[in-house]
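For clarity, every value in this text was computed on a predicted model and none was experimentally measured. Below, all heavy atoms of this structure are taken into account, side chains as well, without hydrogens, waters or symmetry copies. Every chain is numbered from 1, with letters handed out A, B, ... down the list of sequences.
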2 protein chains.
Amino acid sequence: MSFIPLLPGSLSGPPAERSDAARNRERLLGAARELIAECGADALTMDRLAERAGVGKGTAFRRFGSRAGLMMTLLSDSEAAFQARFMFGPPPLGPGAPGLERLIAFGAARIAYVMVHGDLVRAAESTAHGRYEVPAALLWQRHIEFLLREAGMDADPFLMAMSLSATLDPDRLLHAVRVQGVAPERLTESWRELVTRVVSGR
Amino acid sequence: MSFIPLLPGSLSGPPAERSDAARNRERLLGAARELIAECGADALTMDRLAERAGVGKGTAFRRFGSRAGLMMTLLSDSEAAFQARFMFGPPPLGPGAPGLERLIAFGAARIAYVMVHGDLVRAAESTAHGRYEVPAALLWQRHIEFLLREAGMDADPFLMAMSLSATLDPDRLLHAVRVQGVAPERLTESWRELVTRVVSGR
DNA sequence: ATATTAATCGGACTGCGGTCCGTTTAGTCC
DNA sequence: GGACTAAACGGACCGCAGTCCGATTAATAT
């Protein structure tokens, strides 16, 4: 008679990670955080990362798939927290407030988020095939679409959500602030104007 | 006594191009058009281009600066024509119609333009430093800003123009059509809704 | 024609993201 | 402990955009 193994396998997760793989992942994440703290996210190359972590280059790619995948992993904590805030948190960001107010709050929060995690977000989205397939971006867009419907917008909420997402594109936001010298509060205010007009439009 | 040379120099242009340089530029442009016709713009690499043109790689870069520069050169004719249409052409695209109608027409024309020259436009904008510094994109954004003012928009026309430009971003438009299967007419209609609400807003 | 000079030429070179594949090793079963 | 296997390892390798610099050549002055 044999007992059913409790931990690895069977409980429908990834079939457990080998110890050396786990160790190397931690090494790589640590090295990545070090390098970013020292030289910024833009200067992080996969070669340097592997060298710093004392690991082969192939290992770095097998763990994270790509440079963008690594960046997403580094962001995942703060990103999950952000998602939790607008999906389950207190109003006006979370449920409980009218759609328009939630939209305004969402844009403001996203702008603030991008101002903090800018380079990381940009690096995470700069994947060759499909900048718009990034799960987080899709979720945000669907959230905007939902809020638009909630606020009574009837004209093609799907494409309207796409347009509004484009406005919140990290690349554009960072360019406006860092190159054109636009104050973040001005971005927030403009977003408020935009969604107000779109929702209560015509 | 010596006459002032008529052609090269003096008349404040680029100091004339050497004959071999001109010949190589034509060769490169021809080869580029061939390769794009055969395999599409995405498959055009600077190595293949130089090889096909029977020219060194360095020459290709000196002539056009970068891959994006080459693409811009290839587009310059149709782009100039497009600019002429909305700056000097007949209404509603050109001057003579109310601001809002010109805005609507502009978006429609730009969407149509991107549907035709899609890959080339995308390749021309995918320059490492500054996707938003591309002269044509700047001109479009300023044109939108001007039309917004014309239509009586008072709330931060600069940033509103930026948002609307983001909606017309070639990358996003092509993704919507080619990956998500959105019909171009639907994009045009959504643009009409968007600018109408933004202009006559609140 | 010859000399001068400055622009052009071409291909070797760099750094990058990403892939491949022969080798090593962790976990398991006896 | 020893044999087995599937996974992980690592670094050589690829294609790419872009740079560099010694060799070449077109235009000009003599």
Using whole Å, report how far [atom1] of [X] lies from [atom2] of [N].
| X | N | atom1 | atom2 | answer |
| --- | --- | --- | --- | --- |
| A:E51 | D:dC9 | CD | P | 18 Å |
| B:D42 | D:dA17 | CG | C1' | 15 Å |
| B:L44 | D:dG15 | CG | P | 16 Å |
| A:F64 | C:dG18 | CZ | P | 14 Å |
| A:R63 | C:dG18 | CZ | P | 17 Å |
| A:D20 | C:dA26 | CG | P | 6 Å |
| A:L70 | C:dC16 | CG | P | 15 Å |
| A:E26 | D:dA8 | CD | P | 15 Å |

Do B:V195 and B:L147 have side chains that get closer than 4.5 Å, going by heavy atoms? no
Tell me which of B:R23 and B:G65 sits closer to the 5' end of DNA chain D, going by the nucleotide each one is nearest to.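 It is B:G65, whose closest nucleotide lies nearer the 5' terminus.
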Below the 4.0 Å mark, does D:dC16 have OP1 or OP2 next to a side-chain nitrogen or oxygen of B:R48?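 Result: yes.
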I want to check one thing: is the phosphate of D:dG15, taken as OP1 and OP2, less than 4.0 Å away from some side-chain N or O of B:T45? no
Salt bridge (charged side-chain N to carboxylate O under 4.0 Å, His left out) for B:R197 and A:D154? Distances and angles first, verdict last. CA-CA 12 Å; B:R197 286 162 186 255; A:D154 48 340; 3.5 Å; yes
Under 3.5 Å donor-acceptor pair, A:R18 side-chain atoms to D:dA8 base atoms: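 No, no donor-acceptor pair under 3.5 Å.
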Name the closest nucleotide to the B:F61 side chain, picking from D:dA17, D:dA8, D:dA27.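 Among the listed nucleotides, the one closest to the side chain of B:F61 is D:dA17.
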[X] atom [atom1]: more than 12 heavy-atom contacts under 6.0 Å:
| X | atom1 | answer |
| --- | --- | --- |
| A:R142 | CZ | no |
| A:Q141 | CD | yes |
| A:E51 | CD | no |
| B:R52 | CZ | yes |

Which value, rounded to the nearest 0.5 Å, describes the distance between A:L148 atom CG and A:F158 atom CZ? 12.0 Å
Report each atom pair, protein N/O against N/O of nucleotides 10-13 of chain C, whose distance is under 3.5 angstrom.
{"residue": "C:dG10", "atom": "OP2", "partner": "B:G56", "partner atom": "N", "Å": "3.1"}
{"residue": "C:dG10", "atom": "OP2", "partner": "B:T59", "partner atom": "OG1", "Å": "3.2"}
{"residue": "C:dG11", "atom": "O6", "partner": "B:G58", "partner atom": "N", "Å": "3.4"}

Categorize B:R67 for me: base, sugar-phosphate, or nothing, with a 4.0 angstrom heavy-atom threshold over every strand shown. sugar-phosphate
